[in-house]
*Asks:* 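I have a structure I would like to understand better, so I am pasting it below and will then ask my questions one at a time.
So you know, we letter chains A, B, ... as the sequences are listed, proteins then strands, and number each from 1. Treat the numbers as computed from the prediction; the structure is a model and nothing was measured.
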Amino acid sequence: MPVVTIQGILDGKHEGKSVTVRGWIYRKRESKKTIFLVVRDASGIIQCTVKTDNPSWIEAEKATIESSVIIKGTARQDKRAPGGYEIAVDKLSIIGLAEIFPITQDKSEEFLRNVRHLWLRSHRMNLIMKVRSEVLRFTHEFFRKEGFIEVSPPMFISTACEGGSTLFGLKYFGRDLYLTQSAQLYLEALIYSLEKVYCVAPSFRAEKSRTIRHLSEYWHIEPEWAFADMEDLMHIEENLLRYICQKTVKNCRREVESLDADISKLKAVKTPFPRITYTEAIENLMAKDLKIKWGEDFGYDDEKALAEEFGGPFFVYAYPRQIKAFYCKTHRDNPELVMSTDLLVPRIGEISTGGVREDDKEELLKRIRELSLKEEDYDWYIDLRRYGTVPHVGFGLGLERLLTWMLDLENIIDAIPFPRTIRRFYP
RNA sequence: GCCGCUGUAGCUCAGCUAGGUAGAGCGGCUGGCUGUUAACCAGUUGGUCGUAGGUUCGAAUCCUACCGGCGGCGCCA
C-alpha cells in the first residue's frame with residue numbers, strides 16, 4: 001500500500017482505493033460508535049474514522065492531539081466529512097504518543113510566541129511557510145532568467161554598510177566585529193567579476209523599533225548590476241515584483257485564499273509601477289496639510305498617505321542628498337539630489353531601497369568626509385573606484401515585508417518561522 | 001530614545017473603581033451520547049493572583065520599586 005499525501009486524497013486521486021498516510025492528529029472527536037481523527041501531514045488535513053468493531057479502536061482511544069501516526073485505510077468521498085473526503089481506517093499505529101498539547105482553542109499572541117516551535121504546526125503557519133518558499137523560488141527563477149549570478153556575502157563584517165542603521169557588535173577572536181546589515185558593499189565588489197549578481201541572505205539591525213514591520217534578523221533580497229542606470233534599476237525591480245506576484249497567484253492560489261489574503265491585489269500588480277519624485281511627493285503631502293518640509297525624510301504617516309493614493313506598489317525617487325547614505329550617486333545636474341529610489345506598498349511602507357551607486361572616487365571621498373566616516377574603514381570599498389570603476393545600481397528588498405504585504409499578515413513576525421525582535425529571541 | 005497598554009488556574013478571561021484570604025469558560029479526568037464538524041450533555045480536577053517591599057486588624061484589590069510581554073512614534077527593509 002503506497003504512502004500518499006493527504007492533499008492527493010482531497011484532490012480525489014485515490015477515490016475508493018487503499019492508502020497509507022503518515023502524519024499527526026490535529027483534532028479528535030469521539031462518539032459512541034465512531035472516533036473521528038482529523039489527521040494532518042505537510043500537504044493537508046483529512047478526517048479519518050475508526051469504528052467500534054475495528055481492532056484499532058483501542059489505539060484510536062489512546063491517541064492524543066499531536067500524536068504521530070500511520071494510518072492504513074480506504075480513501076472515499078463522503079459529504080459528511082469536512083473537505084468532502086475521509087479515510088475509513090483499517091489500521092492505526094501510533095508512532096509517538098503526544099503528551100497533552102498546550103495549544104488549545106483560546107490562545108493569546110504572547111502565548112503563541114512562547115510556544116512558537118509548536119505553533120509552526122498550525123495550518124496557518126504551514127501555509128505561510130509554503131508561500132514563503134515559493135516566493136524565494138520565484139525570486140531565484142527571476143534573477144537567473146535575467147542572467148544574474150547568485151553569490152554568498154559574509155555575515156561578519158568590519159565596517160558599516162548603512163549610515164543610519166545600528167549594528168550588532170560581537171567579539172571575534174578578541175576583536176570587535178559586527179553582523180551585516182546589508183550585503184551591498186560586498187556585492188559591489190563582486191560585480192567587477194560577474195557584472196550581474198544577487199543574493200538572498202540575512203541582515204541584522206539593532207534598531208530599537210517596536211512595530212509590526214520590524215525584525216532584528218530579516219532576509220534581504222539584494223541584486224547589484226554593473227553598467228546599468230536608474231531606468232534599468234526601476235525596471236528590473238518592478239519586473240521582479242510583478243513576476244513574484246503573478247507566479248504566486250498562479251501557483252499558490254489555494255494557500256493565499258486559505259490565508260484570507262486579498263488575491264486580487266496580487267493579480268493587479270502590473271508594470272510599469274507609478275513613479276513620483278521626492279519633491280512631487282513633498283508637494284503632494286504639503287497639499288494634504290501633513291507636517292513635512294522639503295529635505296525631511298518621510299514619516300510613517302507620510303508613507304501611508306502616499307500609498308493610499310496608489311493602492312499598490314509605487315516608486316519614490318530622487319531624494320535629497322542629506323537623508324540618504326554616503327554611497328548614493330548625486331545627480332550631476334543637481335547636487336542636492338541623489339539617484340536613490342524607494343519602493344513602497346500600502347500599510348507596510350518601504351519594502352525596498354535602491355539606487356545608483358557613486359562610482360567616482362573623488363565624489364565618494366567627498367561624501368565620506370562630509371558624513372565624518374572613517375576613510376580607512378572604507379579603503380577596500382574605495383579601491384573599487386580606483387581600479388576600473390563602472391556605473392552600477394542595486395537594491396535591497398525585505399523578504400518578510402514583502403510577504404507581510406502580499407499575505408495581509410497582521411505582523412511581520414509571521415513571515416518568518418523563528419522571528420527575532422527586540423524582545424523576542426526564544427525559541 | 002520617547003509615549004501608551006498589559007501580567008489572576010495548563011490556556012482565555014472576570015474580580016481591582018468604593019480592601020474582608022479567589023470565579024467562569026476552554027483543556028485534562030470520569031460517565032453519557034446512532035457521523036462528529038473548534039461536537040454536545042453531566043460531574044470532576046486545577047491558582048494564593050509577575051517579584052520584592054510598604055500601608056492596614058486584614059491586600060489580587062491601595063502605595064513604591066523591580067522584572068516580563070505587546071503596540072505606537074523615531075529609525076529602517
*Asks:* Taking only side-chain nitrogens and oxygens of A:Arg113, does any of them come within less than 4.0 Å of OP1 or OP2 of B:G71?
*Replies:* yes

*Asks:* Expressed as a whole number of angstroms, how long is the span from A:Glu30:CD to B:G32:P?
*Replies:*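 The distance from CD of A:Glu30 to P of B:G32 comes to 12 Å, rounded to the nearest Å.
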
*Asks:* Let me know the distance between CD1 of A:Ile221 and C1' of B:A77, rounded to the nearest Å.
*Replies:*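 One finds 11 Å between C1' of B:A77 and CD1 of A:Ile221, rounded.
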
*Asks:* Should the pair A:Asp41-A:Arg22 be classified as a salt bridge under the 4.0 Å nitrogen-to-oxygen rule?
*Replies:*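 No.
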
*Asks:* Under 4.0 Å, heavy atoms only, any strand: does A:Asp297 hit a base, just the sugar-phosphate, or nothing?
*Replies:*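 Here A:Asp297 touches the backbone only, sparing every base.
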
*Asks:* Please figure out whether A:Arg80 or A:Ile412 has its closest RNA chain B nucleotide nearer the 5' end.
*Replies:*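 Its nearest nucleotide being more 5', the pick is A:Arg80.
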
*Asks:* OP1 or OP2 of B:G71 less than 4.0 angstrom from a side-chain nitrogen or oxygen of A:Asn411, does that happen here?
*Replies:*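 The answer is yes; a side-chain N or O of A:Asn411 sits under 4.0 Å from OP1 or OP2.
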
*Asks:* Salt-bridged, A:Lys288 to A:Glu308, with N to O below 4.0 Å?
*Replies:*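 Result for this pair is no, no salt bridge flagged.
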
*Asks:* Please determine, by modelled atom types, if A:Arg80 and A:Gln47 share a side-chain donor-acceptor pair under 3.5 angstrom.
*Replies:* no

*Asks:* Check every strand shown and say whether A:Tyr218 touches a base, only sugar-phosphate, or nothing at a heavy-atom separation below 4.0 Å.
*Replies:*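 Base contact.
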
*Asks:* Taking N and O atoms by type only, does the side chain of A:Arg76 place a donor or acceptor under 3.5 Å from a partner on the base of B:G35?
*Replies:*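 Such a pair exists between side chain and base.
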
*Asks:* If we take the C1' atom in both B:A9 and B:G47, what is their distance in whole Å?
*Replies:* 4 Å

*Asks:* With a non-hydrogen cut-off below 4.0 angstrom, is A:Lys107 in contact with a base, only sugar-phosphate, or nothing?
*Replies:*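 Sugar-phosphate: the residue A:Lys107, judged by heavy atoms under 4.0 Å, touches backbone atoms but no base.
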
*Asks:* In whole angstrom, give me the gap between the P atoms of B:G53 and B:G58.
*Replies:*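 Comparing P positions in B:G53 and B:G58 gives a spacing of 16 Å.
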
*Asks:* Nearest-nucleotide wise, let me know which of A:Thr64 and A:Ala81 is further upstream toward the 5' end of RNA chain B.
*Replies:*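 Residue closer to the 5' terminus by nearest nucleotide: A:Thr64.
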
*Asks:* Do the charged groups of A:Arg40 and A:Glu66 touch, with an N to O distance under 4.0 Å?
*Replies:* yes

*Asks:* By the rule that syn is within 90° of 0, classify the base conformation of B:G54 as syn or anti.
*Replies:*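 It is anti.
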
*Asks:* Can you tell me how far C1' of B:C73 sits from CD1 of A:Ile212, to the nearest Å?
*Replies:* 13 Å

*Asks:* Using a 4.0 Å heavy-atom cut-off across all strands, classify A:Tyr300 as base, sugar-phosphate, or nothing.
*Replies:*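 Counting heavy atoms under 4.0 Å across all strands, the contact made by A:Tyr300 is with sugar-phosphate only.
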
*Asks:* One pair to check against salt bridge (charged side-chain N to carboxylate O under 4.0 Å, His left out): A:Arg242 and A:Glu238. What are the steps and the verdict?
*Replies:* CA-CA 6 Å; A:Arg242 184 196 60 201; A:Glu238 64 192 4; over 6 Å; no

*Asks:* CG of A:Asp302 versus C1' of B:C73: gap in Å, rounded?
*Replies:*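 So the two atoms are 12 Å apart, to the nearest Å.
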
*Asks:* Just how far, in rounded Å, is C1' of B:U12 from CG of A:Leu112?
*Replies:*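 In whole Å, B:U12 C1' lies 11 Å from A:Leu112 CG.
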
*Asks:* Is any side-chain N of the basic residue among A:Glu358 and A:Lys366 closer than 4.0 Å to the acidic one's carboxylate O?
*Replies:* no

*Asks:* Between B:G15 and B:A24, how far is it from one C1' atom to the other, in whole Å?
*Replies:*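 Nearest-Å result for B:G15 against B:A24 at atom C1': 11 Å.
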
*Asks:* Taking only N and O in the side chain of A:Ser31, is any of them less than 4.0 Å away from OP1 or OP2 of B:C33?
*Replies:* no

*Asks:* Under a 4.0 Å threshold between the charged nitrogen and the carboxylate oxygen, would A:Lys291 count as salt-bridged to A:Glu296?
*Replies:* no

*Asks:* Base, sugar-phosphate, or nothing for A:Glu86, non-hydrogen atoms under 4.0 angstrom?
*Replies:* base

*Asks:* For A:Lys324, report the nucleic acid contact type (base, sugar-phosphate, nothing); a contact means any heavy atom under 4.0 Å.
*Replies:* nothing

*Asks:* Return yes if a side-chain donor-acceptor contact under 3.5 Å exists between A:Arg205 and A:Tyr218, otherwise no.
*Replies:* yes

*Asks:* Does the structure show A:Phe36 stacking with B:G35, if we require the centres to be closer than 5.5 Å and the planes to be within less than 30 degrees of parallel?
*Replies:*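 Here A:Phe36 fails the 5.5 Å or the 30° condition.
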
*Asks:* Rounded to the nearest angstrom, tell me the gap between atom NZ in A:Lys28 and atom P in B:G35.
*Replies:* 16 Å

*Asks:* Under 4.0 Å from OP1 or OP2 of B:A77: is there any side-chain N or O of A:Ser203 that close?
*Replies:*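 No.
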
*Asks:* Over how many whole Å does the gap from A:Glu66 atom CD to B:G28 atom P extend?
*Replies:*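 One finds 13 Å between P of B:G28 and CD of A:Glu66, rounded.
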
*Asks:* Does A:Tyr300 have A:Arg213 sitting over its ring (NZ/CZ under 6.0 Å from centre, angle to axis within 45°)?
*Replies:* yes

*Asks:* Mind checking if A:Gly349 touches a base, just sugar-phosphate, or nothing, with heavy atoms under 4.0 Å?
*Replies:* nothing

*Asks:* Would you measure the distance from the P atom in B:C41 across to the matching atom in B:U36 and give it in whole Å?
*Replies:*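 These two P atoms come out 15 Å apart once rounded.
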
*Asks:* Expressed as a whole number of Å, how far does the C1' atom of B:U21 sit from that of B:G25?
*Replies:* 24 Å

*Asks:* Could you check whether the side chain of A:Lys51 and the base of B:G35 have a donor-acceptor pair of N or O atoms closer than 3.5 Å, going by distance alone?
*Replies:*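 Answer is yes: a donor-acceptor pair is held.
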
*Asks:* When rounded to the nearest Å, what value does the distance between C1' atoms of B:G46 and B:C63 take?
*Replies:* 32 Å

*Asks:* In whole Å, what separates the P atom of B:U8 from that of B:G69?
*Replies:* 14 Å

*Asks:* Using the C1' atom as the reference point in each nucleotide, state the distance between B:U34 and B:C70 in Å, no decimals.
*Replies:*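 Per the computed distance, 48 Å lies between those C1' atoms.
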
*Asks:* Answer with base, sugar-phosphate or nothing: what part of the nucleic acid does A:Leu397 contact at a heavy-atom distance below 4.0 Å?
*Replies:* nothing

*Asks:* Restricting both atoms to N or O, compile the protein contacts to nucleotides 1-7 of chain B shorter than 3.5 Å, with distance only.
*Replies:*
| from | atom 1 | to | atom 2 | distance (Å) |
| --- | --- | --- | --- | --- |
| B:G1 | OP1 | A:Lys208 | NZ | 2.8 |
| B:G1 | O6 | A:Lys208 | O | 3.2 |

*Asks:* Is the shortest side-chain N to carboxylate O distance from A:Arg116 to A:Asp414 below 4.0 Å?
*Replies:*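 A:Asp414 and A:Arg116: salt-bridged.
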
*Asks:* Would you tabulate the side-chain donor-acceptor contacts of residues 251-261 of chain A under 3.5 Å, counting partners in other chains and residues two or more places apart, or write 'none'?
*Replies:*
| from | atom 1 | to | atom 2 | distance (Å) |
| --- | --- | --- | --- | --- |
| A:Arg253 | NH1 | A:Glu257 | OE2 | 3.2 |
| A:Ser258 | OG | A:Arg254 | O | 2.8 |

*Asks:* Taking CD1 from A:Ile65 and C1' from B:G10, how many angstroms apart are they, rounded to a whole number?
*Replies:*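 My rounded result for the distance is 15 Å.
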
*Asks:* Between A:Ala307 and A:Phe314, what is the shortest heavy-atom contact and its length?
*Replies:*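 For A:Ala307 versus A:Phe314, the nearest heavy atoms are CA-CE2, 3.5 Å.
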
*Asks:* Could you check which residues of residues 413-426 of chain A get a heavy atom under 4.0 Å from RNA chain B? Sort them by number, please.
*Replies:*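 Those residues whose heavy atoms fall under 4.0 Å from RNA chain B, taken from residues 413-426 of chain A in numerical order, are A:Arg423, A:Arg424.
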
